[in-house]
Amino acid sequence: MNRATHIAIIMDGNGRWAKLQGKKRIKGHEAGAQVVKSITTFCSNHPNIERLTLYAFSTENWKRPRLEVEFLMKLLTSYLKDELPLYLENNVRFEPIGNLSLFSKTLQKTIKMVEEKTAHCDGLVQSLALNYGAKDEILRAMNRLKSVEGEITQELLSKTLDCKHDVDLLIRTGGDHRLSNYLLWQSAYAELFFIETLWPDFRVDDLEKIINKFAKTERRFGGLT
Ligand code: FPP
């Protein structure tokens with residue numbers, strides 16, 4: 001049986017969920033933030049899950065209307081401030097990934113604060129991918145390695161990325177079948193699950209079903225069994 005120790009999720013479908021309810025897109029993001037809480041709590045209590053890496057804002061998401069971007073920034077700030085007790089109660093360490101330097105000073109401070117206050121937690125590691133793009137992550141790592149003499153190995157590049165851990169199970173909600181520049185290096189041998197459910201409708205039961213299916217898949221990593 002496979003153990004899904006690192007789960008990554010592309011949380012898609014907030015806008016469509018809101019539209020179906022006759023609401024503004026931002027209401028979908030608000031509902032999506034609630035699901036982030038329940039899924040994080042579930043993962044923190046699961047014996048096998050060590051890491052949960054969630055795609056919260058991509059390097060491409062700046063192209064959205066200004067008001068939506070501003071709302072997402074406010075939502076992230078308030079989410080992080082409000083949910084610090086949830087991280088601590090569940091022994092969850094927060095480790096952001098992505099290029100944080102483009103965020104406002106307030107958001108950067110809040111991210112740092114939650115990172116520092118949860119640094120001692122040794123349960124689940126929850127990473128939010130913030131201003132994250134896999135191509136950008138790889139480029140930033142390559143630039144950091146420019147002065148290294150000798151060969152750059154896979155291990156060295158892995159260690160230099162923001163996310164240093166291979167993904168076991170990658171889930172995308174919302175019905176699209178693409179990776180959208182998410183954890184491309186780390187997902188080289190991830191099992192991919194694409195489901196129709198829109199992120200605000202995604203529940204712990206849905207995740208459990210996927211984990212059970214994943215447990216039964218045969219992972220060969222290019223070899224033979
Ligand atoms: C994709 O839905 C979702 C995002 C671009 C942002 C993800 C954000 C959240 C789940 C909420 C905030 C997160 C935290 C951690 C507080 P979409 O807007 O692309 O949906 P659509 O494809 O239906 O338009």
Side-chain angles (χ1 to χ4, degrees), residues 7-44 51-87 90 92-100 102-104 106-115 118 124-134 136 162-163 170-183 194-204 206-207:
I7 299 179
I9 310 184
I10 302 175
M11 310 181 285
D12 197 17
N14 294 349
R16 278 165 286 161
W17 180 88
K19 200 171 168 200
L20 282 170
Q21 315 251 332
K23 294 178 180 162
K24 291 191 175 154
R25 290 178 56 81
I26 56 170
K27 290 289 166 194
H29 297 314
E30 261 174 17
Q34 295 304 315
V35 180
V36 169
K37 284 199 282 184
S38 58
I39 294 297
T40 302
T41 307
F42 168 79
C43 290
S44 71
R51 292 183 172 268
L52 174 68
T53 306
L54 302 172
Y55 211 178
F57 194 85
S58 77
T59 44
E60 287 75 33
N61 284 153
W62 298 106
K63 290 185 232 161
R64 293 190 173 208
R66 184 177 55 85
L67 285 177
E68 183 169 340
V69 171
E70 278 175 16
F71 180 83
L72 278 168
M73 295 301 128
K74 278 197 199 130
L75 182 62
L76 282 166
T77 311
S78 59
Y79 165 85
L80 286 169
K81 279 187 185 151
D82 295 349
E83 302 317 327
L84 177 60
L86 184 96
Y87 284 88
N90 291 292
V92 175
R93 189 162 82 239
F94 172 64
E95 276 183 6
I97 58 169
N99 178 1
L100 307 180
L102 293 192
F103 291 127
S104 70
T106 315
L107 180 50
Q108 287 188 48
K109 261 195 199 162
T110 309
I111 292 169
K112 204 89 250 92
M113 182 273 288
V114 178
E115 207 181 345
T118 62
L124 178 78
V125 178
Q126 186 229 49
S127 284
L128 291 184
L130 298 167
N131 188 30
Y132 175 88
D136 178 65
D162 300 347
C163 174
L170 189 144
I171 301 166
R172 180 180 188 130
T173 62
D176 286 330
H177 293 209
R178 56 175 169 259
L179 295 177
S180 299
N181 202 10
Y182 194 43
L183 299 172
F194 298 100
I195 59 163
E196 294 295 320
T197 311
L198 304 172
W199 177 251
D201 287 329
F202 190 69
R203 296 290 173 269
V204 161
D206 300 310
L207 180 55

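Atoms within each ligand, like the ligands themselves, are counted from 1 in listed order.
Judged by the shortest distance from any of its heavy atoms, Gly13 lies inside the 4.0 Å radius around the atoms of ligand 1.
With respect to atom 14 (C) of ligand 1, the closest heavy atom belonging to the protein is Leu76 CD2, 3.9 Å. Given atom 9 (C) of ligand 1, the protein heavy atom at minimum distance is Asn14 ND2, 3.4 Å.
In this structure, Leu100 CG and Tyr132 OH are separated by 12.5 Å, a value rounded to the nearest 0.5 Å.
Residue-level proximity to ligand 1 for Lys19 is absent, since no heavy atom of it falls below 4.0 angstrom. Residue Asn61 touches ligand 1 through its side chain alone, judged by heavy-atom distances below 4.0 Å.
For the pair Tyr55 and ligand 1, the shortest N or O to N or O distance does not fall below 3.5 Å. Close N/O approach between Asp12 and ligand 1 is found [any backbone or side-chain N/O within under 3.5 Å].
At distances below 3.5 Å, not a single donor-acceptor pair connects side-chain atoms of Asn99 with backbone N or O atoms of Asn131. Between the side chain of Tyr55 and the main chain of Ser180, a donor-acceptor pair closer than 3.5 Å is present.
Interface atoms of ligand 1 facing Trp199, defined by a heavy-atom separation under 4.0 Å, are 10 (C). In the vicinity of Arg64, heavy-atom distances shorter than 4.0 Å reach the ligand 1 atoms 5 (C), 17 (P), 18 (O), 19 (O). Remark: ligand 1 atoms within the under-4.0 Å shell around heavy atoms of Ala56 are 6 (C), 7 (C), 8 (C). Against a heavy-atom cut-off of under 4.0 Å, Met11 is close to the following atoms of ligand 1: 1 (C), 2 (O), 3 (C), 10 (C). Close contacts of ligand 1 with Leu75, meaning ligand atoms under 4.0 Å from a residue heavy atom, involve 12 (C). Below 4.0 Å from some heavy atom of Arg25 lie the following atoms of ligand 1, by number and element: 17 (P), 18 (O), 24 (O). For ligand 1, the atoms lying closer than 4.0 Å to a non-hydrogen atom of Ala33 are 11 (C), 16 (C).
Listed here is the closest heavy atom pair of Arg64 and Val69: O-CG2, 3.7 Å. Of all non-hydrogen atoms in Phe94 and Leu80, the two that sit nearest each other are CZ-CD2, 3.8 Å. Of all heavy-atom pairs spanning Glu30 and Leu75, the tightest one is N-CD2, 4.0 Å. Heavy atoms only, all atoms of each residue included: Asn90 and Ser44 are closest at CB-OG, 3.4 Å.
For atom 4 (C) of ligand 1, the candidate residues are Glu30, Arg16, His29, Glu68; the nearest heavy-atom contact is made by His29.
The side chain to side chain contact (heavy atoms under 4.5 Å, CB included) with Ile97 is formed by just one residue from the set Leu130, Leu54, Leu183; it is Leu183. The residue from Asp201, Thr173, Asp12 that alone fulfils the side chain to side chain donor-acceptor pair (under 3.5 Å) condition with Trp17 is Asp201.
Between Phe194 and His177, the ring planes lie parallel to each other; the angle is under 30°, not in the 30° to 60° tilted range.
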